[in-house]
Amino acid sequence: MSTSNTMTLEVGTSSDVGRVRTRNEDAVLAEVPIFAVADGMGGHAGGQLASAIAVDRLRELVGRDDVTTDTLLTTVEQANAAIVARARADAEVAGMGTTLTGVCLGSVGGSPHWFVFNVGDSRVYRIQSGRALQLTVDHSEVAELVAAGRIAAADAGSHPLRNVVTRSLGSDPAPIADVFVVPADEGDTFVICSDGLTTEVPDADIATVVEQNAGSAQAAAEALVARAVAAGGRDNVTVVVVATRAAPALAAAAITAPRPRAKGTDDD
Ligand code: MG
C-alpha cells in the first residue's frame, strides 16, 4: 500500500461464546485494510446469519488500497440490503439484524487515514496514554438518554433499556452509518469489540489490559476476552486489536497482518 510505507499493522482477534449463551452470534473480519466486529440479533439462527452476511459483504474490501468513505458507506448499505432481502425470503430469520463497527485504512489527500464506522452499540476505542477513548457513539436507547441528560452515564449499565439498539443493519429504510475520519499515526492502537466486552469490563480496565499486553495484539485480544468471560460472560464477546507499529527505517514497505484467529466461533 503506497500511502502507508512507514506503517506496519499488528492485529489480534479473539471471540468466545461466553458462559450463558449457547451460540456465538458475533462475527469478525480482520484483513487489511478492514477490521470489524458484528453482533447479530434475532431468533433461530437469525443473529448468526445477519452478522455473517455483514462481514461477508465487508470482505469485498479486503486487499484494496483505494477505499474511500463513500466506498465504505456503499458497502455497508449493500450489507444492509442483503440482510433485509434474506430476512424477507426466509421466515425463520425474519427480523434478524446486526450491529457493525470497525476501522478501515484508506487514503485522504494522499496520506493514510482510518475510517471509523459504526451502526449499533458495538464499539471502537483508541488506546492512548493509558486510557481507552471511545471513538464511536452508541446507537442505543441508554446512550440517547445520557446524551439528553435524562439519566446519568453511571446508571446506563443497569438501565432496563440498556440492550435496545436504535440503529442496526437489517432495517428498511437503511440505517445511517456513522463515519469518522482520523489520520493514521504510528503508535495508534484500536480495540474493536462487541458489547459482550463493554458490559463486563470497564473502559479503564480495557486500557490496562491492552497496555499490559503491548507487545502482542493477539495476546491483548485474548486477554480482553478472557477478562470478560471471567467477569460473567453473559453475552458473546469478540475483540479485534489493531496496533500500528513503525517499520524499521530501511524496511521494505508493506502492511502485514496475521491470519485472523477466532476462538469459540463457528460462524466465521
Ligand atoms: Mg452482544
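Nothing here was measured: the structure is a model prediction, and the numbers come from that model. In listed order, ligands and their atoms are each counted from 1.
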So, using side chain to side chain donor-acceptor pair (under 3.5 Å) as the criterion, who are the partners of Asp235 when residues are at least two apart? Arg21
Protein N/O/S atoms closer than 2.8 Å to the Mg ion (ligand 1): Asp39 OD2, Asp195 OD1, Asp235 OD2
Report yes or no: does His44 contribute a side-chain atom to a donor-acceptor pair with the main-chain N or O of Gly42 at less than 3.5 Å? no
Residues that His159 engages under side chain to side chain contact (heavy atoms under 4.5 Å, CB included), provided they are two or more places apart: Val142, Leu145, Ile151, Leu161
List the residues meeting side chain to side chain contact (heavy atoms under 4.5 Å, CB included) with Gln134, not counting sequence neighbours, and say none if there are none. Arg123, Tyr125, Thr136, Asp138
What about Trp114 and Phe180, are their ring centers closer than 6.0 Å? no
From the list Asn24, Asn236, Asp26, Thr99, side chain to side chain donor-acceptor pair (under 3.5 Å) partner of Ser194 resolves to Asp26
